[in-house]
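Just below is one structure, and these are the notes that go with it.
By convention in this document, chain letters (A, B, ...) are assigned in the order of the sequence lines, proteins followed by strands, and residues within each chain are numbered from 1.
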There are 2 protein chains.
Amino acid sequence: MPQTVARAIEVLRFIAERPRTLTEVTQMLGLHKSTALRLLQTLEADGFARREDGGRYVVGFGVIPLAESAIDNLDVRTIVHPHLDRLSTEIGHTVHLAQLIDGEVVYVDKVEGRGTVAMGSRIGLPVELHTAAVAKVILAHLPEADRSRMIEGWDFRGYGPRTLTNAADYVSELRCTRERGWAEDDGEMEDYINCVALPVRDTTGRVTIGMSVTALRAVAPLEILREMVPRLRTVTEEVSADLGWRSDET
Amino acid sequence: MPQTVARAIEVLRFIAERPRTLTEVTQMLGLHKSTALRLLQTLEADGFARREDGGRYVVGFGVIPLAESAIDNLDVRTIVHPHLDRLSTEIGHTVHLAQLIDGEVVYVDKVEGRGTVAMGSRIGLPVELHTAAVAKVILAHLPEADRSRMIEGWDFRGYGPRTLTNAADYVSELRCTRERGWAEDDGEMEDYINCVALPVRDTTGRVTIGMSVTALRAVAPLEILREMVPRLRTVTEEVSADLGWRSDET
DNA sequence: CTCTTCGTTGCAGGTATTGCAACGCTCTTG
DNA sequence: CAAGAGCGTTGCAATACCTGCAACGAAGAG
């Protein structure tokens, strides 16, 4: 498979980090001067690279329309749904996908498990920030500023004995969530329902999506759900990869 | 220079238009099945392409970070300034660059000619929509909706006998501008100053930038400036190309 | 069931890419 | 002022790599 193209992409990624001189490119990527030069020349000819004054190379404007096209086709659901399907049939419980969309966490997809639980979740509906695990896991990975903007003014309505009813408790729960890498909902909304949720990263590395497994406590209590976390993690990592997140950076 | 890379980019541009099947790619670009397939495979492996269900290829998310990088470096001035410089020394008059920035036309750069004219233009300052040629040429190429939004409520202040003092006259002037491909300011602001302006296209093909040549009527009346239009056109086309606009689409 | 269309893979030939070496240029150093 | 080092650029020959072919499997149409 055309490794010339692969190299070109490698070069692009490299100059995307910050403006690079030709020599930097050759050294870091182990290419010969002439090779790197000619790669950059073709990229430049097609508007994928550009020389700023000083001779350093930066990414050209030609990629912008491509990115627009990519974003147009970024319907998270079409990409993730197959994973949800597989996961749900495999573990037999209901799986949710929620996404941060301008300041709100919204359910974007859902696959029911075998013993269908009638949950309050519906695709397109906002998620309760302080109870739902998907919300917690997204908030937990958000930049401080965004997070507090979302929390302030939030109504920490008490649904049951275990509901977190104030911001302070919630924030410490988020810290805990971030540290262990997943979130839980221990019957905080509906007493008899619990879930675990893991983060999904988009192409920019931000956590704007969460994926959760939900079950009746009577069917699968929290201890059981916790055992699924490793499995869930491999799925979320696959999904992140499908969404363009590359954990393997040089 | 690596034509494999050029082909890969061609393929990318093609699938960016809309989802394409492998066969479409091979036919339209005149490549062999295997060639196209392997190109797409490498692009896919690097997140530059993606297969949606149905097997059609679309642009992948990997390009999004690149585009962000490109936008970071998109300081129009650094790109265009050299052209302004050259043009100004060549023709000896003052050259302006103005850009549409959220609903306003703003001077972003300027190179003084030899016999420096003290003009009211200053970099960063908004442009008078109804008198300045740069504004006219941008407005003339704007989508109907955007244009009328900008015109409505505009104060068609009369500076002199030739100023267009109402929207109707202005709109018909814009039509004329678009048809002939350049705009004029016939002493509409300052009686003794006139200019011609041509459109510059950004990478998306939109006209958000205008470039103008300004001169004292005593030095170079409109008839003289008009003779520079062809020369000015080659410059604006170069600039458009530098900004990523590709007029040569298949 | 057969035929067509589409995507995929292995292989050999040959083109296009690579790496080398030499050159011009600028900037630094003696 | 001259010599040297670093960087980007170009021409050329060798060969690694891409291409195109041809055959195969799968899926859908007739």
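Considering only heavy atoms from C-beta on, A:M211 comes within 4.5 Å of A:V95 through its side chain. B:L142 is not listed as a side-chain neighbour of B:T208, based on a closest heavy-atom distance of 4.5 Å or more.
For A:H81 against A:D109, the heavy-atom pair with the smallest separation is ND1-OD2, 2.5 Å.
Atom C1' of nucleotide C:dT17 and atom CG of A:L43 are separated by 15 Å, given to the nearest angstrom. Atoms CZ (A:R7) and P (C:dT17) sit 12 Å apart, rounded to a whole Å. One can place CG of A:L39 at 10 Å from P of C:dG19, the figure rounded to the nearest angstrom. In this structure, B:Q3 places its CD atom 16 Å from P of D:dC17, rounding to the nearest Å.
Residues passing the salt bridge (Lys or Arg N to Asp or Glu O under 4.0 Å) test with B:R18: none are found, sequence neighbours excluded. With sequence neighbours excluded, the residues forming a side chain to side chain contact (heavy atoms under 4.5 Å, CB included) with B:P65 are A:T203, listed by chain and number. Remark: A:R231 pairs with A:E90 by the salt bridge (Lys or Arg N to Asp or Glu O under 4.0 Å) rule, at least two apart or across chains. In this structure B:E237 satisfies the side chain to side chain contact (heavy atoms under 4.5 Å, CB included) test together with B:R233, sequence neighbours excluded.
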Notebook entry, point to check: Can you give one letter per nucleotide of nucleotides 25-30 of chain D, going 5' to 3': B for a protein heavy atom under 4.0 Å from the base, S for sugar-phosphate only, - for none?
Noted result: ------
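Considering only side-chain N and O atoms, A:T4 lies under 4.0 angstrom from the phosphate OP1 or OP2 of D:dC18.
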Taking N or O atoms only and anything under 3.5 Å, show me the protein contacts with nucleotides 5-11 of chain C, one pair per line.
residue: C:dG7; atom: OP1; partner: B:T21; partner atom: OG1; Å: 2.5
residue: C:dG7; atom: OP1; partner: B:L22; partner atom: N; Å: 3.4
residue: C:dG7; atom: OP2; partner: B:T23; partner atom: N; Å: 3.1
residue: C:dG7; atom: OP2; partner: B:T23; partner atom: OG1; Å: 2.2
residue: C:dG7; atom: O6; partner: B:K33; partner atom: NZ; Å: 3.3
residue: C:dT8; atom: OP1; partner: B:R51; partner atom: NH1; Å: 2.7

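Only one option out of B:V219, B:L87, B:L216 pairs with B:H93 in a side-chain contact (heavy atoms from CB on, under 4.5 Å); it is B:V219.
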